[in-house]
Amino acid sequence: MAFKVTGVEQGEWAVLGVSGELDLVTSPVLRQRVHDVVAEGHHSLVLDLSDVFFCDSSGVGVLIAARRLIRSCRGRLRLILPAQGASDGSHVNRVLGALGVRRLFDVYTDIDSATADEEDPLSA
């Protein structure tokens, strides 16, 4: 599966769907897309990582940088990390947990819950 980032708007939220491997080679693409979305004036961002089947430290770095950028704009960043995603599920979830940074993110299981203001994120 080739790396791909697609974008849609859902209400006030910009949603970037990410698929493939998020690694040293592909993470600059996601970083640039996040910057582009923020430059366009979107400060409520959802990163749908359901179809990411591999994430290395470069990918985690992009997620942390995206969080920092959104927070500097007083915006909101939410991640979609379903229990069963990509191949066997939640590779990104496991990586974030192993590195101890999952608690930094508001995590949801699907787009509808991530873009609904009344929903609470999954606990870390």
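Bear in mind the structure is a predicted one, so any value in this text is a computation, not a measurement.
- The backbone N or O of Tyr108 lies less than 3.5 Å from no partner atom in the side chain of Arg78, so there is not a single donor-acceptor pair.
- Atom CZ of Arg76 is separated from atom OG1 of Thr115 by 10.0 Å, given to the nearest 0.5 angstrom.
- The distance from atom CG of Leu24 to atom OG of Ser57, rounded to the nearest 0.5 Å, is 8.0 Å.
- Two residues are said to be in side-chain contact when any heavy atoms from C-beta on lie closer than 4.5 Å; Leu81 and Leu96 meet this criterion.
- If you run side chain to side chain contact (heavy atoms under 4.5 Å, CB included) between Leu63 and each of Val34, Val18, Leu77, Leu47, only Leu47 comes through.
- The side chain to side chain contact (heavy atoms under 4.5 Å, CB included) test with Leu16 is passed by exactly one of Asp48, Leu45, Val46: Leu45.
- Closest approach of Gly7 and Arg33 over heavy atoms only: N-NH2, 3.7 Å.
- For the pair Asp51 (side chain) and Gly17 (backbone), a donor-acceptor distance under 3.5 Å is absent.
- To the nearest 0.5 Å, atom CG of residue Asp112 and atom CD of residue Gln10 are 6.0 Å apart.
- Atom CG of Asn93 is separated from atom OG1 of Thr109 by 11.0 Å, given to the nearest 0.5 angstrom.
- A distance of 8.0 Å separates CG in Asp106 from CG in Leu79, rounded to the nearest 0.5 Å.
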### Task
Apply the test side-chain contact (heavy atoms from CB on, under 4.5 Å) to residues Val52 and Glu21: give CA-CA distance (whole Å), side-chain angles for both, the deciding distance (0.1 Å), then the verdict.
CA-CA 6 Å; Val52 172; Glu21 295 185 23; over 6 Å; no

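- Scanning all heavy atoms of the two residues, the minimum distance from Pro28 to Val25 falls at CD-O, 3.5 Å.
- Separation of atoms CD1 (Ile111) and OG (Ser50) is listed at 7.0 Å; rounding is to 0.5 Å.
- Between Val15 and Glu9, every side-chain heavy-atom pair lies at or beyond the 4.5 Å cut-off.
- Considering all non-hydrogen atoms of both residues, Leu22 and Phe3 come closest at CD1-CE1, 4.0 Å.
- A pairwise comparison of heavy atoms in Arg102 and Gly97 identifies CB-N, 4.0 Å as the closest pair.
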